[in-house]
Undergrad: 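Pasting a structure below so you can have a look.
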Amino acid sequence: MHNYPANPQLYPGSNRNDTALDYWHHGMPSEVVTRNHDQHPGVFFFPVDGIGHGVAMTECEYGQGMVNPDVPCVKSLPPELRNVRSGSLVITWPGYQTLKWKHDIVFVDKAGSPLTMRQMGLQISRLWRCFYEKHHEQFDGRGIRLGPTHVTMNHLRLHCIYTHNYGRLWQVEVSYILPN
C-alpha cells in the first residue's frame with residue numbers, strides 16, 4: 001500500500017541500531033488538522049531528527065523519536081500553567097466532530113512529579129489510538145476519513161497539545177501524512 005524509501009533513517013546521534021518507525025514520513029506531504037492558529041500555550045513535540053513537524057504517533061507510543069524526552073512536559077508552559085495536574089483532552093477530527101470526544105489527562109504521575117515529554121507523548125498517543133480504534137467507522141462524510149484503508153495511526157504526527165482556558169480543556173494539533 002505504501003512506497004517506503006529504500007534507506008530508512010536511523011536515530012541520529014544515538015547508539016541505537018534500530019530504524020525510526022516513521023522513517024517513511026521523510027519527504028512526504030502532510031496536512032495539519034486542528035491547528036493552534038492563535039498560538040495558545042501548549043506542550044510541543046519536536047522530532048529528534050529535526051526533519052518535518054511533530055512526532056509520529058507510533059513513535060510516541062514507544063516513547064521515542066522526540067527531542068528532550070526526559071524533560072518535564074510543563075517546562076514549555078507559562079508559569080501560571082506549570083502547576084496544572086489534570087485536564088480534559090478533546091479530539092476534534094474533521095468528519096468526527098459530532099462525537100464530541102473528550103477524555104481525562106494528567107500532567108503529574110502518582111507521586112506528584114510532572115510527567116516527562118515521553119510520558120505525555122505516550123498518554124496522548126494511547127488516547128488517540130483509543131479514539132481511532134473505537135470511532136474510525138463513525139465518519140459523518142464531511143472531513144478526513146480514518147481507518148485501515150484511509151488515514152491510519154501510522155500516518156499521524158503529534159505537534160502539540162494546547163489550551164485556551166487555563167488548562168481545563170486541551171486540544172491536540174496533529175498532522176497526517178497523505179496516504180498514497
Side-chain angles (χ1 to χ4, degrees), residues 1-3 21-22 24-25 28-47 52-63 65-66 73-74 76-78 80-81 83-109 115 117-180:
M1 179 175 164
H2 301 287
N3 296 322
L21 297 173
D22 66 342
W24 63 274
H25 287 192
M28 300 287 286
S30 66
E31 292 288 329
V32 177
V33 179
T34 61
R35 187 180 291 275
N36 182 4
H37 286 292
D38 295 326
Q39 299 302 303
H40 294 295
V43 176
F44 298 88
F45 296 84
F46 299 100
H53 300 285
V55 177
M57 287 283 190
T58 51
E59 292 282 274
C60 291
E61 287 181 304
Y62 290 97
M66 67 189 69
C73 69
V74 295
S76 67
L77 294 173
E80 64 272 15
L81 286 174
N83 291 322
V84 67
R85 298 183 68 76
S86 63
S88 294
L89 183 75
V90 177
I91 295 179
T92 54
W93 188 263
Y96 299 86
Q97 294 99 321
T98 57
L99 297 173
K100 299 185 182 339
W101 194 91
K102 184 167 67 169
H103 198 283
D104 294 338
I105 59 169
V106 296
F107 287 80
V108 294
D109 62 20
L115 295 184
M117 292 298 294
R118 178 188 330 269
Q119 292 167 318
M120 182 57 77
L122 176 62
Q123 178 180 204
I124 301 305
S125 62
R126 284 182 175 167
L127 290 172
W128 237 102
R129 183 168 292 282
C130 176
F131 171 81
Y132 171 84
E133 289 177 353
K134 185 172 182 182
H135 299 295
H136 74 268
E137 293 178 350
Q138 297 174 344
F139 182 62
D140 72 12
R142 299 178 311 266
I144 304 162
R145 188 172 190 124
L146 301 171
T149 59
H150 302 285
V151 174
T152 70
M153 283 293 291
N154 292 334
H155 294 102
L156 301 177
R157 297 185 71 79
L158 174 61
H159 292 231
C160 71
I161 60 169
Y162 62 95
T163 185
H164 54 83
N165 62 4
Y166 307 104
R168 291 187 301 274
L169 283 176
W170 294 82
Q171 291 184 294
V172 186
E173 181 178 291
V174 174
S175 65
Y176 66 100
I177 302 302
L178 301 174
N180 294 339

Undergrad: Are the side chains of H159 and S175 in touch, meaning some heavy atoms are under 4.5 Å apart?
TA: yes
Undergrad: Closest heavy-atom contact between V151 and Y176?
TA: CG2-CD1, 3.7 Å
Undergrad: Could you go through the side-chain contact (heavy atoms from CB on, under 4.5 Å) check for V74 and V43 one step at a time?
TA: CA-CA 7 Å; V74 295; V43 176; 5.9 Å; no
Undergrad: How close do L81 and T163 get, heavy atom to heavy atom, and via which atoms?
TA: CD1-CG2, 3.8 Å
Undergrad: Please determine whether side-chain contact (heavy atoms from CB on, under 4.5 Å) holds for the pair V172 and L158, giving the CA-CA distance in whole Å, both sets of side-chain angles, and the decisive distance to 0.1 Å.
TA: CA-CA 8 Å; V172 186; L158 174 61; 3.6 Å; yes
Undergrad: Is any side-chain heavy atom of W93 closer than 4.5 Å to one of L156?
TA: yes
Undergrad: In Å, rounded to the nearest 0.5 Å, how long is the span from CD of Q171 to OG1 of T92?
TA: 5.0 Å
Undergrad: Could you go through F107 and I161, starting from their C-alpha distance and side-chain angles, then the distance that decides it, and tell me whether this counts as side-chain contact (heavy atoms from CB on, under 4.5 Å)?
TA: CA-CA 12 Å; F107 287 80; I161 60 169; 4.0 Å; yes
Undergrad: Determine the interplanar angle of the F131 and Y96 rings, folded into 0 to 90°, and report it as parallel if under 30°, tilted if 30 to 60°, perpendicular if over 60°.
TA: perpendicular
Undergrad: Parallel, tilted or perpendicular: which describes the rings of H40 and Y162, with under 30° parallel and over 60° perpendicular?
TA: parallel
Undergrad: Rounded to the nearest 0.5 Å, how far does CD of Q123 lie from CH2 of W128?
TA: 15.5 Å
Undergrad: Above 12 or not: heavy atoms from other molecules or residues under 6.0 Å from CD of E137?
TA: no
Undergrad: Considering only heavy atoms from C-beta outward, does the side chain of I91 approach that of Y132 to under 4.5 Å?
TA: no
Undergrad: What are the two closest non-hydrogen atoms of M66 and G121, and how far apart are they?
TA: CE-CA, 4.5 Å
Undergrad: Using a 4.5 Å cut-off on heavy atoms from C-beta on, say whether the side chain of Q138 contacts that of T98.
TA: no
Undergrad: Nearest 0.5 Å, what's the CG-CE distance between L122 and M117?
TA: 12.5 Å
Undergrad: Do you know the tightest heavy-atom contact between G167 and V84?
TA: O-CG2, 4.0 Å
Undergrad: Looking only at non-hydrogen atoms, find the nearest pair between S76 and F44 and report the distance.
TA: OG-N, 4.1 Å
Undergrad: Compare all side-chain heavy atoms of H135 with those of L146 and state whether any distance is below 4.5 angstrom.
TA: no
Undergrad: Suppose we screen for side-chain hydrogen bond (donor to acceptor under 3.5 Å, both in side chains). Which residues come up paired with Q97, at least two apart in sequence or across chains?
TA: none
Undergrad: Taking all non-hydrogen atoms of both residues, which atom of E59 and which atom of G65 are closest, and how far apart?
TA: OE1-CA, 3.5 Å
Undergrad: How far does CD1 of I144 sit from NE2 of H155, to the nearest 0.5 angstrom?
TA: 12.5 Å
Undergrad: Calculate, to the nearest 0.5 Å, the distance between atoms CD and NE2 belonging to E173 and H53 respectively.
TA: 10.0 Å
Undergrad: How long is the gap from CZ on R145 to CG on D140, to the nearest 0.5 Å?
TA: 10.0 Å
Undergrad: Between I177 and R157, is there a side-chain heavy-atom distance shorter than 4.5 Å?
TA: yes
